[in-house]
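Side chains included, hydrogens not; waters and symmetry mates left out as well; all remaining heavy atoms used. Please read these numbers as outputs of a predicted model, since none were measured by experiment.
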Amino acid sequence: MITIGGRSGRDLRDLRDGTPIGEWNDWKWQFRHRVRSLSQLASALDRPVASLAPCRPVLRTYPIAITPYYLSLLDLSDENDPLRRQCFPDSRELTFSLGGVPDPLDEERDMPVPGLIHRYPDRCLAIVTGNCAVYCRHCNRKRMWRESKPGRTRERLQSMVDYVARTPALREVIISGGDPLLISEPLLDWFLGALRAIPHVEVLRIGSRAPVTLPMRITPELCAILKRHRPLWFNTQFNHRLEITEEATRACEMLLAAGIPVGNQSVLLKGVNDSYDSMRELLYGLERISVRPYYLFQCDPVQGTDHFRAEIRTGMEIMERLWRNISGLCLPRYVLDCPGGRGKIPLQPFSLLPEKGRK
Ligand SMILES: *Cc1c(COP(=O)(O)O)cnc(C)c1O
Ligand code: SF4
């Protein structure tokens with residue numbers, strides 16, 4: 001039996017059936033063979049497509065995408081599987097009980113040019129694509145999944161470069177999305193180089209979930225490109241220890257070997273990682289693979305994510321217990337990105353919590 005990251009390879013073997021390992025390890029093959037429809041999902045689950053009918057309206061608003069790799073990590077028979085929850089459509093995505101809005105952070109307001117968010121004085125965030133390898137159901141930019149405008153990427157990126165060049169206060173540019181590793185390599189190389197050529201840009205940062213959902217995307221060629229544009233930092237998003245597989249570990253190691261520090265931004269997700277034990281296992285796992293926990297985000301009140309939102313109180317209790325018990329290298333900062341675009345604030349009032357019941 002193949003074992004990946006401690007998880008039984010039963011499903012993986014089925015999925016890989018007939019797939020040569022070389023193809024399985026080719027990110028383009030993985031990308032092309034993603035689950036993109038309800039019938040493909042039904043066949044992965046070995047269930048009649050009619051049984052997934054309640055999800056049909058969800059897909060009209062929020063499409064599905066799951067790589068065979070990520071699918072191979074799930075326990076398909078368990079509805080509460082923490083990885084399955086992150087990528088399977090759920091009819092609750094259409095119930096906006098808490099009055100969620102598509103863009104609670106008002107990102108669109110802080111865009112001096114399309115796709116570039118300039119909210120904090122010294123850094124800005126460039127959304128280079130709305131595409132992702134896997135569409136995470138809890139995504140705070142899920143409004144963008146349907147908006148990819150093919151063909152105009154180069155012009156959009158050029159106007160971002162122009163804006164950064166005429167804004168000397170900017171010393172750091174975060175390249176994000178969507179997944180920035182899904183634009184073509186020559187385009188990514190050009191964009192990073194054009195930003196790097198601006199004298200006041202000191203640091204670049206990439207935000208990508210590829211090491212988790214499509215780790216084969218981290219190739220020696222990609223690392224060679226990224227290495228040329230250092231200092232470059234890389235933040236990814238592991239949300240559960242079962243995502244720390246051999247493949248994901250190798251992807252992070254390749255980045256680290258290229259001189260690129262890798263950090264992690266998790267989201268606190270109900271039923272995925274909203275317990276002390278689950279969060280501790282995730283953080284220990286990250287420390288073991290030299291990935292520094294950076295942020296733990298409170299899940300934003302984005303439309304279609306209500307069923308993922310844990311109480312802030314729960315998050316604070318978990319953080320307080322972690323703080324008391326585990327290595328400082330494992331501790332992320334728990335933050336809330338304030339609705340209305342007022343920015344991130346830390347949620348760490350440890351001394352304010354009552355003595356009683358502390359563990
Ligand atoms: C989170 C964020 C950043 C980066 O903030 P850091 O605290 O430096 O990680 C930059 N711009 C926007 C719009 C953000 O949401
Ligand atoms: S990879 Fe990031 S941007 Fe893409 S769907 Fe997941 S959370 Fe959203």
Side-chain angles (χ1 to χ4, degrees), residues 101-130 139-141 143-144 147 149 152-181 183 187-209 225-237 255 258-265 267 292-298 300 302 332-348:
V101 293
D103 178 20
L105 306 179
D106 260 337
E107 291 189 333
E108 313 286 337
R109 187 198 64 196
D110 286 341
M111 285 186 190
V113 295
L116 188 110
I117 310 168
H118 186 183
R119 170 158 303 157
Y120 303 103
D122 71 342
R123 58 207 189 278
C124 65
L125 186 147
I127 297 175
V128 301
T129 173
C139 177
N140 67 352
R141 298 207 181 104
R143 67 177 190 279
M144 294 188 340
E147 285 173 21
K149 299 172 202 97
R152 300 206 45 246
T153 312
R154 170 80 193 226
E155 291 153 53
R156 280 196 307 114
L157 298 189
Q158 182 64 58
S159 44
M160 294 181 195
V161 171
D162 295 343
Y163 175 80
V164 174
R166 63 176 185 266
T167 312
L170 288 172
R171 60 177 288 282
E172 176 173 347
V173 182
I174 299 155
I175 296 104
S176 182
D179 194 330
L181 301 186
I183 64 171
L187 192 61
L188 182 64
D189 193 17
W190 166 81
F191 188 52
L192 294 172
L195 291 168
R196 169 64 57 238
I198 299 168
H200 53 264
V201 173
E202 297 172 18
V203 174
L204 300 175
R205 188 196 314 182
I206 284 187
S208 161
R209 214 183 172 200
I225 291 174
L226 299 183
K227 189 175 180 159
R228 277 206 293 282
H229 303 292
R230 289 188 309 149
L232 185 145
W233 298 62
F234 195 107
N235 272 350
T236 189
Q237 186 199 133
L255 292 165
I260 298 162
V262 184
N264 189 65
Q265 309 188 161
V267 188
R292 180 77 160 97
Y294 178 56
Y295 280 144
L296 170 64
F297 282 108
Q298 173 64 19
D300 296 322
V302 170
R333 270 182 294 166
Y334 179 36
V335 293
L336 167 74
D337 214 340
C338 279
R342 282 165 296 150
K344 299 179 184 68
I345 55 162
L347 296 169
Q348 289 179 323

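Between atom OG1 of residue Thr129 and atom CG of residue Leu181 there is a gap of 11.0 Å, rounded to the nearest 0.5 Å. The CE atom of Met144 sits 8.5 Å away from the CD atom of Glu108 when rounded to the nearest 0.5 Å. Atom CG in Leu170 sits 9.0 Å away from atom CD1 in Ile198 (nearest 0.5 Å). Between Leu157 atom CG and Leu188 atom CG the span is 9.0 Å, to the nearest 0.5 Å. To the nearest 0.5 angstrom, Ile260 atom CD1 is 8.0 Å from Phe234 atom CZ. Note that CD1 of Ile206 and CH2 of Trp233 are 14.0 Å apart. Values are rounded to the nearest 0.5 Å.
Residues passing the side chain to side chain contact (heavy atoms under 4.5 Å, CB included) test with Pro293 are Leu283, Leu286, Pro332, sequence neighbours excluded. Remark: Ser208 pairs with Asp179 by the side chain to side chain donor-acceptor pair (under 3.5 Å) rule, at least two apart or across chains. For Asn235, the side chain to side chain contact (heavy atoms under 4.5 Å, CB included) test picks out Arg205, Gln265, Tyr294, with sequence neighbours left out. With sequence neighbours excluded, no residue forms a side chain to side chain donor-acceptor pair (under 3.5 Å) with Arg109. In this structure Asp162 satisfies the side chain to side chain donor-acceptor pair (under 3.5 Å) test together with Gln158, sequence neighbours excluded. Considering only residues two or more places apart in sequence or on other chains, His118 meets the ring pair (Phe, Tyr, Trp, His ring centres under 6.0 Å) condition with Tyr163. Under the side chain to side chain contact (heavy atoms under 4.5 Å, CB included) criterion, Arg342 pairs with Cys338, not counting sequence neighbours. For Pro102, the side chain to side chain contact (heavy atoms under 4.5 Å, CB included) criterion is met by Arg143, Gln303, not counting sequence neighbours. With sequence neighbours left out, Asp106 forms a side chain to side chain donor-acceptor pair (under 3.5 Å) with no residue at all. Taking Tyr295 as the reference, Phe297 meet the ring pair (Phe, Tyr, Trp, His ring centres under 6.0 Å) condition, with sequence neighbours excluded.
Under the 4.5 Å side-chain criterion, counting only non-hydrogen atoms from C-beta, Arg141 is in contact with Ser176. Using a 4.5 Å heavy-atom cutoff, the side chains of Leu105 and Asn140 are in contact. Between Val335 and Leu347 the shortest side-chain heavy-atom distance does not fall below 4.5 Å. Between Ile127 and Met111 there is a side-chain heavy-atom pair separated by less than 4.5 Å. The shortest distance between side-chain heavy atoms of Thr153 and Val128 does not fall below 4.5 Å.
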Verdict with reasoning, Leu195 to Leu204, per side chain to side chain contact (heavy atoms under 4.5 Å, CB included): CA-CA 8 Å; Leu195 291 168; Leu204 300 175; 3.9 Å; yes

Candidate pair Asp189 and His229, rule side chain to side chain contact (heavy atoms under 4.5 Å, CB included), full reasoning: CA-CA 8 Å; Asp189 193 17; His229 303 292; 2.7 Å; yes

From CA spacing to verdict: side chain to side chain contact (heavy atoms under 4.5 Å, CB included), Leu226, Leu255: CA-CA 9 Å; Leu226 299 183; Leu255 292 165; 3.8 Å; yes

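Across Val302 and Cys139, no two heavy atoms sit closer than the pair CG1-O, 4.0 Å.
Sorted by first and then second residue, the salt bridge (charged side-chain N to carboxylate O under 4.0 Å, His left out) pairs involving residues 192-204 (not counting sequence neighbours) are Arg171-Glu202. Applying the side-chain hydrogen bond (donor to acceptor under 3.5 Å, both in side chains) rule to pairs touching residues 332-341 yields Gln298-Tyr334, sequence neighbours excluded.
At least one donor-acceptor pair under 3.5 Å links the side chain of His200 to the backbone N or O of Val164. Of the possible polar contacts, none joining the Arg292 side chain to the Val262 backbone as a donor-acceptor pair under 3.5 Å is found.
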